[in-house]
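The chains referred to below are lettered A, B, ... by the order of the sequence lines, with proteins before strands, and numbering in each begins at 1. Being a predicted model, the structure only gives us computed values, none of them experimental.
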Number of protein chains: 2
Amino acid sequence: MKISSRKKQFLDESLKMIHKKGYKATTMRDLAGQMGFEVSNIYNFIESKESLLETYLFQISEDFHTGINHIMKSSHDPSGKLKALISLNIKLTSTKPYQVGLLVNEWRNLQEPKLSKFVDKRTQYEKKVRIIIEEGIEDGQFRRFDIDIITHTVLASVRWIYYWYIDHSENINPYELEKQVTDFIFNGVNRTK
Amino acid sequence: MKISSRKKQFLDESLKMIHKKGYKATTMRDLAGQMGFEVSNIYNFIESKESLLETYLFQISEDFHTGINHIMKSSHDPSGKLKALISLNIKLTSTKPYQVGLLVNEWRNLQEPKLSKFVDKRTQYEKKVRIIIEEGIEDGQFRRFDIDIITHTVLASVRWIYYWYIDHSENINPYELEKQVTDFIFNGVNRTK
DNA sequence: GTCTATAATTCGATAGAC
DNA sequence: GTCTATCGAATTATAGAC
């Protein structure tokens with residue numbers, strides 16, 4: 001079951017290229033050219049172009065689901081859960097920025113029935129985030145917002161980070177980044193309250 | 001110079017379909033089928049597939065640039081400028097949600113030299129947002145954050161809204177939405193400070 | 001694991017009649 | 001403004017030799 005280093009190299013290079021050019025715009029010829037061999041060799045490693053996308057997407061998707069399920073089962077209060085959610089996002093983004101980029105940008109290129117499966121799982125994830133926000137408001141830890149609006153805004157506040165990581169990974173301290181983003185989400189930009 | 005209603009209908013339908021399927025995944029045959037005519041008729045309305053994308057992208061891009069230039073020249077303090085920026089985003093998103101969607105998702109499908117032109121303009125836009133944040137921190141109106149991190153987080157906080165609008169436009173009160181998002185960006189979710 | 005060769009399909013775009 | 005017909009290029013994928 002060992003994955004040859006050549007296959008691993010192919011998967012890594014392809015991931016980066018698909019992120020950069022987009023899944024549809026990246027051809028099998030592009031991927032082969034990046035490896036310096038002919039198109040037909042790709043099929044020694046994978047079954048099809050779409051299976052490549054599926055592998056990337058469902059791997060990182062599972063990481064997020066495993067992470068949030070741990071958070072939901074934890075004994076944290078809503079504030080603690082929200083902090084853990086931010087931490088989860090930054091941990092996964094810092095270790096797998098290109099996969100996170102695909103998760104954000106390329107999911108809709110999945111074909112049915114995988115597309116519906118993916119969207120369903122994402123909806124489940126968002127519902128769990130919604131519960132954290134909802135409980136925080138009912139507890140009085142969070143202010144009274146429209147729950148859906150704030151759920152989406154919180155999710156959006158961490159969704160851009162993969163891009164930052166890919167371009168500046170050498171200069172990013174993930175702990176400082178986590179601190180800043182957490183501070184923003186909890187307290188906003190305003191100094192005078 | 002009057003645009004025929006048939007052309008306008010084509011442009012509107014195509015915009016929606018390109019948003020839904022993605023630019024690369026949407027074929028000229030798809031667009032023709034949506035209109036109920038043959039592919040060749042498309043070229044009565046547009047020069048090429050890419051000119052279609054360019055038209056959509058540079059129109060909405062200009063709207064954002066015009067808007068932020070007015071804000072930068074205004075007499076508002078940094079807090080007022082940031083509020084105006086949020087207002088601009090929600091105004092453009094509520095009136096042109098599909099164009100905003102293309103701006104977020106499809107810009108990289110532009111070909112050179114249009115691609116570089118677009119990216120340059122976007123960088124200019126982000127620099128202006130950065131100046132607002134920077135001045136707010138120096139004035140003491142905003143708390144001391146890493147400027148780049150907070151600039152990107154603020155931008156991300158409003159970037160998701162086009163998606164919300166396309167799916168729920170009938171139930172959205174843009175003034176309430178603006179109030180909620182502004183409140184989030186300025187004060188965060190935390191109740192106890 | 002790498003190659004050559006090619007199948008089978010789809011793509012954007014054009015020519016020209018009506 | 002709509003059609004039929006078609007071109008040339010590009011695309012994913014497969015067959016089979018080495």
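- Using a 4.0 Å heavy-atom criterion, one finds that B/Ser51 contacts no nucleic acid atom at all.
- Atoms NZ (B/Lys24) and P (D/dA10) sit 12 Å apart, rounded to a whole Å.
- Atom OG1 of A/Thr26 is separated from atom CD1 of A/Ile18 by 5.5 Å, given to the nearest 0.5 angstrom.
- Residue A/Phe45 places its side chain closer to C/dT2 than to any other of C/dT2, D/dC3, C/dG12.
- Computed from coordinates, the A/Leu52 CG to D/dT12 P distance equals 11 Å when rounded to whole Å.
- Between the P atom of C/dC11 and the OH atom of B/Tyr43 lies a distance of 12 Å, rounded to the nearest Å.
- Candidate nucleotides C/dC3, C/dA13, D/dA13 were compared by shortest atom distance to the side chain of A/Val39, and D/dA13 ranks first.
- Put simply, CD1 on A/Ile42 is 17 Å from P on D/dA15, counting in whole angstrom units.
- For D/dT2, neither phosphate oxygen OP1 nor OP2 lies less than 4.0 angstrom from any side-chain nitrogen or oxygen of B/Asn44.
- Considering only the side chain of B/Arg6, D/dT2 comes nearest among C/dG12, D/dT2, C/dT2.
- Pairing each heavy atom of A/Glu106 with each of A/Asn109, the nearest pair is OE1-ND2, 2.8 Å.
- For B/Met28, taking side-chain heavy atoms from C-beta onward, the closest of the listed nucleotides D/dT2, C/dA13, C/dC3 is C/dA13.
- Remark: P of C/dG12 and CG of B/Leu53 are 13 Å apart, rounded to the nearest angstrom.
- Atom CD1 in B/Ile46 sits roughly 10 Å away from atom C1' in C/dG12 (whole-Å rounding).
- Note: CZ (A/Phe37) to P (C/dC3) measures 8 Å, nearest angstrom.
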Under the side-chain contact (heavy atoms from CB on, under 4.5 Å) criterion, do A/Phe184 and B/Ser157 qualify, and how do the steps go?
CA-CA 11 Å; A/Phe184 173 85; B/Ser157 298; 3.8 Å; yes
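- Between the CE atom of B/Met35 and the C1' atom of D/dT2 there is a distance of 12 Å, rounded to whole Å.
- In this structure, B/Arg122 forms a cation-pi arrangement with B/Trp107, its terminal cationic atom sitting closer than 6.0 Å to the ring centre and no more than 45° off the ring axis.
- Side-chain to base pairing of B/Arg29 with C/dG12: one donor and one acceptor N or O lie within less than 3.5 Å of each other.
- Among C/dC3, D/dT12, D/dT4, the nucleotide with an atom closest to any side-chain atom of A/Asn41 is C/dC3.
- A cation-pi geometry, defined here as NZ or CZ lying under 6.0 Å from the six-membered ring centre and within 45° of its normal, does not hold between A/Lys96 and A/Tyr56.
- For B/Ser40 against D/dT4, a side-chain-to-base donor-acceptor contact under 3.5 Å is present.
- The side chain of A/Lys49 lies closest to D/dT12, out of C/dA13, D/dC3, D/dT12.
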